[in-house]
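All chains are named by letter (A, B, ...) in the order of the sequence lines, taking the proteins before the strands, and each is independently numbered beginning at 1. All heavy atoms count here, side chains included; hydrogens, waters and symmetry mates do not.
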Amino acid sequence: MSIQKPTLPKGTRDFGPIQMAKRNYILETIKSTFRLFGYQQLETPSMENLSVLTGKYGDEGDQLLFKVLNSGDFLKKVKGEDLEKGAANVLPKVAEKGLRYDLTVPFARYVVMNRNELTFPFKRFQIQPVWRADRPQRGRYREFYQCDADVVGTDSLICEAEILLMIRRVFAELKLEDYDIKINNRKILTGISEVIGEPGKEGELCVAIDKLDKIGWEKVQEELTQRGFTEDAVKKLEPIIDLSGSNDEKLAFLKGFLSESEEGLKGVAELEEVLKILAEFGEGQEHVDFDVVLARGLSYYTGAIFEVKVNNVSIGSVSGGGRYDNLTGVFGLEGVSGVGFSFGVDRIYDVLEELNLFPEDQTQSTNVMIGYFDEEGRNYGLKILNGLRSAGLSAEIYPDYAKVKKQFNYADKKQVPYVVMIGSEEIAQNKVTLKNLKTGEQEMHSLEEVIGMVKAS
RNA sequence: GUGGUUGUAGCUCAGCUGGUUAGAGCGCUGGUUUGUGGCACCAGAGGUCGUCGGUUCGAACCCGAUCUUCCACCCCA
């Protein structure tokens, strides 16, 4: 029998100890921020029934769902005629479960199933992996983590303002300074499409405008024409594309531009209110940038839209979100509005790595390692080990009888800062030798002294 | 889903127009040093050249398929 090399499925990764330390640094920052703002943690199963997942992400989304083959004889419901009709006909008979595609739909399902137990407004955060059968690329994986925070059951714009505050807090903690929180409002986009004489086409409008950064205004015009926008409409759009100035200046302009659109003015008013609430918090508009052409998640967002971009790095977009009316409508619970956003941990990881912003000592796990020469030393070491741990120091003993060189090598590789060495002399004096691996200094001390010294370092 | 790209030692990569026994650096193991890691020196182990098939007297090298990697598009975090 030939030995086969193990491999990972496409688009998945292992996280080793070093990576986990760094990931936890990011995740702890995010979690503590969510908790600080009153959000409670939720977890849902990796698998959902396909009836919950399908139809929520569009045709393209359905294709990207990982389906789980039924257990046992998964073919028992399939008939010959089903096979002839094609995959779409066979699928529901061989798979009834799928891996979750995002955290929002499972959350909506949870809210509907627990509507009578929940106290609204309900603020929840959720940090779990999601799966997409996408083609992997840099910063795009088939298994990746989302960190969502949503509040449902309120229309209050305080929530929007708090999202801005949470993003700023997380980024400040992570020492990320050069970034912009782009903010816009779906209603403004709707208003613009009305005003330029193409009502109801804001979706297409935004898909095209969204590429502005990438392909430029010229190409966007081409695409708009291709999508059936009139020349007149494209021309009317021009002042929007050129819009610049402070948030307040842009809003002032839009009030005039959108004066014919009730919906558009409502969007402007909402945005103004969010900024006003921010001011009531005693906070400024640092990093907050009203971006009229920001368009994302248009199929579900109905109010505010957020996106966070880190400047001068290869992967810019690290967070996003928005307000949606009627999150739970598809599951039969009407009128539950919510607003939420999500941090992309994997991308934040890459950004921090690129900017070299991870703290130095993230990987250090053990404070002290105990080494020894013989059985007597080992047994004495076990007592010392227990003492160190009781004092709250992370400690370990080298488990095998081995050359001192090997023991020290192990400590060095693991970046353990201190080694306690035990030989006959130490036992006789009821002390231990403490060696600082960074400086190379070593001296005999009592256990209590060692505890004090290591803790002080 | 469309188009392109990559695969040689644990890692990063050499390897000529197809020609004997496939190399380097780092890492690993052992030694110089049986109460001491990093540094230095010495020695050693480790490869079905992604996989399967084809062309050829002969394939890491040419051809096909497949998997994988990365990139662009679509879309998205």
Discussion item. Within the 4.0 Å limit for protein heavy atoms, which parts of nucleotides 66-77 of chain B are touched? Write it as a string from 5' to 3', B for base, S for sugar-phosphate only, - for none.
Written reply: --SS-SBBBBBB
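The distance between atom CE of A:Met369 and atom P of B:G38, rounded to the nearest whole Å, is 14 Å. Taking atom CG of residue A:Asn436 and atom P of nucleotide B:U36, one finds them 18 Å apart after rounding to whole Å. As rounded to whole Å, 14 Å separates atom P of B:C26 from atom NZ of A:Lys413.
Residues from residues 397-412 of chain A placing a heavy atom under 4.0 Å of any atom in RNA chain B, listed by number, are A:Lys403, A:Val404, A:Lys405, A:Phe408, A:Asn409, A:Asp412. Near RNA chain B, defined here as any heavy-atom distance below 4.0 Å, the residues from residues 424-431 of chain A are A:Ser424, A:Glu425, A:Glu426, listed numerically.
Not a single side chain to side chain donor-acceptor pair (under 3.5 Å) links A:Gln146 to another residue, sequence neighbours left out. For A:Lys309, there are no side chain to side chain donor-acceptor pair (under 3.5 Å) partners, not counting sequence neighbours. Listed by chain and number, the residues in a side chain to side chain donor-acceptor pair (under 3.5 Å) with A:Asn379 amount to none (sequence neighbours excluded). Looking at residues two or more places apart in sequence or on another chain, you find a side chain to side chain donor-acceptor pair (under 3.5 Å) between A:Tyr380 and A:Asn430.
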Scan the side chains in residues 162-170 of chain A for donor-acceptor partners under 3.5 Å anywhere in the protein, sequence neighbours excluded, and list what turns up.
| unit_1 | atom_1 | unit_2 | atom_2 | d |
| --- | --- | --- | --- | --- |
| A:Arg168 | NH1 | A:Gly284 | O | 3.1 |
| A:Arg168 | NH1 | A:Glu286 | O | 2.7 |
| A:Arg168 | NH2 | A:Glu283 | OE1 | 2.8 |
| A:Arg168 | NH2 | A:Gly284 | O | 3.3 |
| A:Arg169 | NH1 | A:Thr33 | OG1 | 2.8 |

Side-chain polar contacts of residues 39-49 of chain A - donor-acceptor pairs under 3.5 angstrom, sequence neighbours left out - could you list them?
| unit_1 | atom_1 | unit_2 | atom_2 | d |
| --- | --- | --- | --- | --- |
| A:Thr44 | OG1 | A:Gln126 | NE2 | 3.0 |
| A:Glu48 | OE1 | A:Arg109 | NH1 | 2.9 |
| A:Glu48 | OE2 | A:Arg109 | NH1 | 2.4 |

List the atom pairs, with distances to 0.1 Å, where a side-chain N or O of residues 419-426 of chain A and a protein N or O form a donor-acceptor pair under 3.5 Å, not counting sequence neighbours.
| unit_1 | atom_1 | unit_2 | atom_2 | d |
| --- | --- | --- | --- | --- |
| A:Glu426 | OE1 | A:Gly423 | N | 2.9 |
| A:Glu426 | OE2 | A:Thr433 | OG1 | 2.4 |

Donor-acceptor pairs under 3.5 angstrom involving side-chain atoms of residues 384-392 of chain A: please list them, not counting sequence neighbours.
| unit_1 | atom_1 | unit_2 | atom_2 | d |
| --- | --- | --- | --- | --- |
| A:Arg389 | NE | A:Ala395 | O | 3.1 |
| A:Arg389 | NH2 | A:Ala395 | O | 2.9 |
| A:Ser390 | OG | A:Asn386 | O | 2.8 |

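Between A:Tyr401 and A:Tyr372, some side-chain heavy-atom pair lies under the 4.5 Å cut-off. For the pair A:Tyr349 and A:Phe15, the minimum side-chain heavy-atom distance is 4.5 Å or more.
Taking the P atom of each, B:C63 and B:G47 are spaced 29 Å apart, rounded to whole Å.
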Practice prompt. Taking Watson-Crick and G-U wobble pairs with both distances under 3.5 Å, convert RNA chain B into its dot-bracket string, 5' to 3', dots for unpaired and | for cross-strand pairs.
Written response: ((((..(..((((.....[...)))).(((((.......))))).....(((((..]....))))))..))))....
